[in-house]
2 protein chains.
Amino acid sequence: MEKQTITIYDVAREAAVSMATVSRVVNGNPNVKPATRKKVLEVIDRLDYRPNAVARGLASKKTTTVGVIIPDVTNVYFSSLARGIDDVASMYKYNIILANSDGNPQKEAQVLNTLLAKQVDGIIFMGNNLTDELRAQFTRSKTPIVLAGSVDAKNEVESVHVDYVAAVEEAVADLINHGNKRVAFITGPMSDPINGEYRLKGYKNVLAKHGIEYDPDLVFETDYSYRAGEVLWPALASAKATAAFVGDDELACGVLNGAKDAGVKVPAEFEIITSNNSKLTEIVRPQLSSITQPLYDIGAVSMRFLTKMMNKEDMSSDEKTIELPYGYIKRASTK
Amino acid sequence: MEKQTITIYDVAREAAVSMATVSRVVNGNPNVKPATRKKVLEVIDRLDYRPNAVARGLASKKTTTVGVIIPDVTNVYFSSLARGIDDVASMYKYNIILANSDGNPQKEAQVLNTLLAKQVDGIIFMGNNLTDELRAQFTRSKTPIVLAGSVDAKNEVESVHVDYVAAVEEAVADLINHGNKRVAFITGPMSDPINGEYRLKGYKNVLAKHGIEYDPDLVFETDYSYRAGEVLWPALASAKATAAFVGDDELACGVLNGAKDAGVKVPAEFEIITSNNSKLTEIVRPQLSSITQPLYDIGAVSMRFLTKMMNKEDMSSDEKTIELPYGYIKRASTK
DNA sequence: TTGAAAGCGCTAACAA
DNA sequence: TTGTTAGCGCTTTCAA
């Protein structure tokens, strides 16, 4: 395959300089006489020369590409993060190799391997559950890694996300202040520490603070899907829930529509607060009140964080985990 | 950065063979005595050797990575395609470098350049409008390229998508058969040939077939956003439209909610058909009738197509453009 | 079946 | 300021 024909050597010959000099002007090395630089640039332009990044990568041991492991691009939560990542990546002249893992530990491990084989300069990992094995692989490899919008329960790997505990506390407190004594807690798999650890803790915290006893019957562990929420109403009704905190927007839309279809008035008879403030929250009626997370920024900050690690910048002032501020937006699904 | 420490040379020494032999077993070359292979494999395992893909790429002139240019990962239409692409890519041992372009010709050209510099084996392009300049760059480069869910108005670049003309014809015919004489045509930028050329043609075709005169006042060119649709109702009302074909789901949700908020009964007083059958169509009420496009498959087929081109497989039986079947699903937004 | 050796296109000392 | 010269880690003839 005769893809790349002209090399740095051709340019050197044409410009009557050494390849070292060509390399210098290509890399913006100041130690080149302006006249020489001009001449070389002219030849580069004429020959339409384009440096071979693979050769460069081999010689310099830097590929200017980072690996991004994502459960599913199709999920807005993650694609928002990914967009933030890509934007600051290209700002710093990096490209991203994106790989879907479906949150499957086996795929994650396998993908990590090929990413390392491709000599990526760094890795951003998104995933619901960081297994011990993967964490071990991460620490073993010398490649810098940052978790975006994901947490490491053992807090060994750097990560950026919001304070899930506090966010849930605020949301549920709001619900309780509206007079709800029985607030349901609806999330995806508890194996994800964001749910099983942080959010649940926040939920229990507020309950305790308001002297309400924790009732496991009000905790609903499902998967992150519209359908799962839609069929939940009967269970919610029999648990006598009058409000719900929901950990995912699609799920929340399902809960909302399921309730509405059953003739329940939202928010008069049932209040809902969701978690990601995606477009969905504004498209359904009533629009959903939601915790807001700066997803794009989480991705962006993760990537920025990674560049620091890759450049071995001074990071003494940085914490291992960066917490970005969450917010709350009241819409029509709460009183 | 001491990322990769052990090389093929270390393995060779440890196994007391030449690096050529190690290379052979790594690459599954059959010309290796089973005993030798076993010995080498054992050393590879013990040393935890992982072939350096960059060096391999330089020597073999193959990187097993393909570039994917996408307007915005955050958009479900494109992320669905991307998911299909990545799945079959990994099936064929390729990785994808994903780059967002925002459909901006300048970014597209720039991204294409860095992709080529990185020696990708192929490129998949998604974009609303293939400029002449970009098409020229595509044809000039020797790298195989296919357009996914996008079209080349001049039909010079290979692509896979559905038959937009026929899809719109079917949708609008349905609306007309319900007695609608004034069907609005609402899409994104007409600069996208999918809208300005194919869909519009389909729209005009059915109108003509049913003896209805084409009225430019019924054509609404907006951008692909919920908000754009939401504010459209007054204009639709004054154009006396009683139904609408919409080219994008978010846009359609906006139109729907805008109409509902104005007290219009859907579908009794106004019918809507949208185009992408994304989750949104099932989340809004009434649920939206929609043309269905096999987005995931379009991505998957594009990638498969690309692998054929990259392997220089015999493609004499393949057309330059592959059309996948579209469908139609009736929901509650039409009579 | 195996090995020797010449690159792949570039960076990075080191000299000059 | 510029050039020479080793590599970077692997694939791939060509011989043996």
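None of these values were measured; they are calculated from a predicted model. Residue numbers begin at 1 in each chain, while the letters A, B, ... track the order of the sequences.
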Presence of A:Tyr9 side-chain N/O under 4.0 Å of D:dT4 phosphate oxygens OP1/OP2 | no
Starting at the 5' end of DNA chain D and moving along, which residue's nearest nucleotide shows up first, A:Val32 or B:Leu58?
-> A:Val32
Rounded to whole angstrom units, what separation is found between the CD1 atom of B:Ile8 and the P atom of D:dC8?
-> 14 Å
Pair A:Arg46 + A:Glu42, salt bridge at N-O below 4.0 Å | yes
For B:Phe78, ring-ring contact (aromatic ring centres under 6.0 Å, His included) partners two or more places apart | none
Per the under-4.0 Å heavy-atom filter, residues of residues 11-21 of chain A near DNA chain D come out as A:Val17, A:Ser18, A:Ala20, A:Thr21
To the nearest angstrom, how far is A:Leu47 atom CG from C:dG9 atom P?
-> 14 Å
From CG of A:Asp10 across to P of C:dG9 the rounded distance in Å is 9 Å
For B:Lys38 and C:dT1, what is the distance between atoms NZ and P respectively, to the nearest whole Å?
-> 17 Å
Winner on side-chain proximity to B:Ser23, out of D:dT11, C:dG9, D:dT2, is D:dT11
For B:Asn52 and C:dC8, give me the distance from atom CG to atom C1', rounded to whole Å.
-> 13 Å
What is the distance, rounded to the nearest whole Å, between atom CG of B:Asn31 and atom P of D:dC14?
-> 16 Å
Minimum-distance nucleotide to A:Arg24 side chain [options: C:dG9, C:dA13, D:dG9] = C:dA13
Could you work out which one of C:dT11, C:dT2, D:dT11 sits closest to the side chain of A:Arg56?
-> C:dT11
Will you find, in the side chains of A:Arg24 and A:Asn31, an N or O donor that is under 3.5 Å from an N or O acceptor?
-> no
Just checking, any donor-acceptor pair under 3.5 angstrom between side chains of A:Arg83 and B:Asn75?
-> no
Counting just side-chain N and O atoms, does A:Asn27 come under 4.0 Å of either OP1 or OP2 of C:dT11?
-> yes
When rounded to whole Å, the CD1 to C1' distance for the pair B:Ile44 and D:dC10 reads 13 Å
Considering just the side-chain nitrogens and oxygens of A:Thr36, establish if one lies under 4.0 Å of OP1 or OP2 belonging to D:dT2.
-> yes
In terms of side-chain heavy atoms, does B:Lys142 have a donor or acceptor partner in A:Thr5 at a distance below 3.5 Å?
-> no
Got more than 12 heavy atoms from elsewhere within 6.0 Å of CD, B:Glu156?
-> yes
Spacing between A:Lys61 atom NZ and D:dC10 atom C1', to the nearest angstrom = 12 Å
Are the aromatic rings of B:Tyr77 and B:Tyr224 close, with centres under 6.0 Å apart?
-> no
